Amino acid sequence: MIKKFQYSVVISALLVMTATGCASHKGSSSLESVTKTTTVTKGGTPVVRADQMSLQANIKKQSEEARAAHDQAIEDAKASAKAAAEEAQRKLAEAKAQAEEIARQAKEEAEKQAAEAAAKAEEKAKEVVTKVTVREEQATVLETKTKQAGQYHVIVGSFKSLENARALCDKAVAQGYLPSIMENPDGMYRVSVFTADDEELSRQRLLEIVKANPEYVGSWLLKLK
């Protein structure tokens, strides 16, 4: 009877131990599951779960990709701005070259027109001087800016008024001439800007005066009697 009781106790103890071992094993499995799905503290040190680590890695990767894309966008913008600046400089250089070419052509055309006008003026002056006849008359020098006293005089104006003659005389002085005012027997005041004893020299000087001052195109030669 006692042996049977001891046998029953042993069996009960084995059952208890088996049940306790299963429970312990089941608890360990549950702990592993919790460790994989939650954040736990082990010895005072936080243990991050696997899916959080993966998420952080993805975030870091995306951040690096975003920063790289941002840096690339900046580089692209700089390259685009540089290209635009170079294009603007190229167009500016082309515009400058075109403007210089237009200015050159305009200058050449202006010089050509000026040369043509000068040639026409010279031809006209020569024609006028060639047709000029020498007038001989008596005249008395009233006022003069020159020390010369030649027989031939280049007359650039004739007036009945002494004041008008003096006004033209002042203008001639401003132009660089040394004029004289002479009065003939008829009371006409002649304004001379050149005098010499040589007719050809006087004609040459008359041509130069008319070429330099077209307003004197009606000038003529006076020979004192």
Side-chain angles (χ1 to χ4, degrees), residues 85 87-225:
E87 180 66 14
Q89 288 293 333
R90 184 185 67 79
K91 290 183 177 180
L92 180 62
E94 290 180 354
K96 183 179 180 181
Q98 292 177 355
E100 289 176 350
E101 178 62 20
I102 292 173
R104 184 189 65 78
Q105 293 178 358
K107 181 180 178 181
E108 290 180 353
E109 182 63 22
E111 290 175 347
K112 179 181 178 182
Q113 293 179 0
E116 291 177 352
K120 289 181 180 179
E122 185 172 359
E123 286 298 322
K124 186 175 182 180
K126 287 181 179 180
E127 181 181 353
V128 169
V129 172
T130 301
K131 292 180 180 180
V132 167
T133 57
V134 179
R135 302 181 192 179
E136 292 187 18
E137 68 178 23
Q138 294 179 347
T140 302
V141 177
L142 299 180
E143 300 175 6
T144 183
K145 299 292 184 180
T146 180
K147 294 180 180 180
Q148 296 182 3
Q151 187 178 13
Y152 293 90
H153 291 266
V154 176
I155 305 301
V156 294
S158 299
F159 306 91
K160 291 183 178 181
S161 167
L162 179 58
E163 293 303 318
N164 290 341
R166 284 173 174 167
L168 181 58
C169 187
D170 292 339
K171 179 181 178 181
V173 170
Q175 292 172 328
Y177 299 110
L178 299 174
S180 300
I181 298 176
M182 299 180 294
E183 182 182 11
N184 70 1
D186 297 328
M188 295 295 294
Y189 298 98
R190 313 295 195 187
V191 178
S192 168
V193 293
F194 179 79
T195 179
D197 287 325
D198 183 85
E199 180 180 343
E200 290 302 318
L201 178 59
S202 298
R203 283 184 179 275
Q204 181 61 36
R205 186 58 177 152
L206 173 59
L207 174 60
E208 294 173 358
I209 291 171
V210 172
K211 285 170 58 178
N213 303 279
E215 68 267 28
Y216 294 149
V217 71
S219 299
W220 49 280
L221 288 178
L222 181 152
K223 181 182 179 181
L224 293 176
K225 287 183 178 181

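What you see is a predicted model, and the numbers here were worked out from it, not measured in a lab.
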What is the distance from atom CZ of R190 to atom CG of L142, rounded to the nearest 0.5 Å?
12.5 Å
Check: E183 and M188 side chains under 4.5 Å, non-hydrogen atoms
no
Closest approach of V191 to A165 (non-hydrogen atoms, all atoms of both residues):
CG2-O, 3.6 Å
Answer yes or no: is there an ion pair linking R104 with E100, defined by an N-O contact shorter than 4.0 Å?
no
Examine the side chains of E101 and Q105 and answer whether a donor and an acceptor come within less than 3.5 Å of each other.
yes
Is there a donor-acceptor pair under 3.5 Å between the side chain of N184 and the backbone N or O of D186?
yes
Inspect the contact between E208 and R205 and indicate whether a charged nitrogen and a carboxylate oxygen are less than 4.0 angstrom apart.
yes
Closest heavy-atom contact between L168 and G157?
CD2-CA, 3.7 Å
Within this structure, what is the CH2-CG distance for the pair W220 and L206, rounded to the nearest 0.5 Å?
11.0 Å
So, for L201 and A196, which heavy atoms are closest and what is the spacing to 0.1 Å?
CD2-CB, 4.1 Å
Output yes when a side-chain donor or acceptor of D197 lies under 3.5 Å from a complementary backbone atom of G150, and no otherwise.
no
Roughly how far, to the nearest 0.5 Å, is CD1 of I181 from OG1 of T140?
13.5 Å
Any side-chain heavy atom of M182 within less than 4.5 Å of one from E137?
no
Look at the side chain of T195 and the backbone N and O of Y152, then say whether any donor-acceptor pair between them is shorter than 3.5 Å.
yes
Pair R203 + E199: basic N to acidic O under 4.0 Å:
yes
Closest heavy-atom pair, S202 versus L221, reported as atoms and distance to 0.1 Å, is CB-CD2, 3.8 Å
Ion pair E94/K91, N-O distance below 4.0 Å
no
Between the CD atom in E143 and the OH atom in Y189, the distance rounded to the nearest 0.5 Å is 10.0 Å
What I'd like to find out is whether the side chain of Y177 reaches to under 4.5 Å of the side chain of N213, using heavy atoms alone.
yes
Separation between CZ of F194 and OG1 of T146, rounded to the nearest 0.5 Å
9.0 Å
Here the gap from S161 atom OG to R166 atom CZ, rounded to the nearest 0.5 Å, amounts to 9.0 Å
